[in-house]
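Heavy atoms only: backbone and side chains are in, while hydrogens, waters and symmetry mates are out. When a residue number appears, it is its place in the shown sequence, counting from 1.
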Amino acid sequence: MTEPSRRDLGPLALGGLAVAALSTLPALPAAAYQGNMERSLSALYSALASLREATPNKGGYRERAIDLIRQAIGEVEAGIAFADEHGGGGPTP
């Protein structure tokens, strides 16, 4: 068997450096599918669309409902993001 030349050692050294660099990266939690939360978002967006199409003469209650649904959408999205960041979720479909 012949001794490796300097030319042969270059790619080997680079490969070793790449493996070492990748092994020091922190493990990131996988985003879990959150079916119930996703379905909730869909229902909230549907309700928001229906309220926007409704006539506005409801004594301010329609506008209040629109604001509350927007808040609910924000809370659900924040919950999804939190679970994604912390490995939450649940069983995958």
Side-chain angles (χ1 to χ4, degrees):
M1 183 160 164
T2 63
E3 296 248 344
S5 69
R6 283 187 178 180
R7 179 184 286 174
D8 296 330
L9 292 178
L12 183 60
L14 286 175
L17 286 174
V19 169
L22 290 174
S23 67
T24 61
L25 291 176
L28 300 175
Y33 174 71
Q34 300 176 47
N36 290 323
M37 296 292 274
E38 297 292 340
R39 284 187 294 280
S40 295
L41 268 182
S42 178
L44 286 166
Y45 278 115
S46 178
L48 185 60
S50 294
L51 283 168
R52 285 181 176 159
E53 292 175 12
T55 56
N57 58 347
K58 308 289 188 264
Y61 292 102
R62 174 184 159 270
E63 290 76 15
R64 176 86 172 122
I66 288 172
D67 289 341
L68 290 170
I69 289 176
R70 285 183 181 145
Q71 288 178 20
I73 288 170
E75 293 298 313
V76 173
E77 288 174 341
I80 291 171
F82 180 89
D84 285 347
E85 292 169 7
H86 295 88
T92 54

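Using a distance-only test at 3.5 Å, with no hydrogens or angles considered, a donor-acceptor pair links the side chain of Arg62 to the main chain of Arg52. When atom types are taken as modelled, the side chain of Ser40 and the backbone of Asn36 share a donor-acceptor pair closer than 3.5 angstrom.
Residue pairs meeting the ring pair (Phe, Tyr, Trp, His ring centres under 6.0 Å) criterion with at least one member in residues 63-82, sequence neighbours excluded, are Phe82-His86. Pairs engaging residues 66-81 under the salt bridge (Lys or Arg N to Asp or Glu O under 4.0 Å) rule: Asp67-Arg70 [sequence neighbours left out].
Other residues sharing the hydrophobic cluster of Leu41, ordered by chain and number and joined by side-chain separations under 4.5 Å: Met37, Leu44, Tyr45, Leu48, Leu51, Ile66, Ile69, Ile73, Val76, Ile80.
Looking at residues two or more places apart in sequence or on another chain, you find a side-chain contact (heavy atoms from CB on, under 4.5 Å) between Thr55 and Asn57, Lys58. Checked against ring pair (Phe, Tyr, Trp, His ring centres under 6.0 Å), Tyr61 has no partners two or more places apart in sequence or in another chain.
Taking each heavy atom of Ala83 and Gln34 in turn, the nearest pair found is CB-NE2, 3.4 Å.
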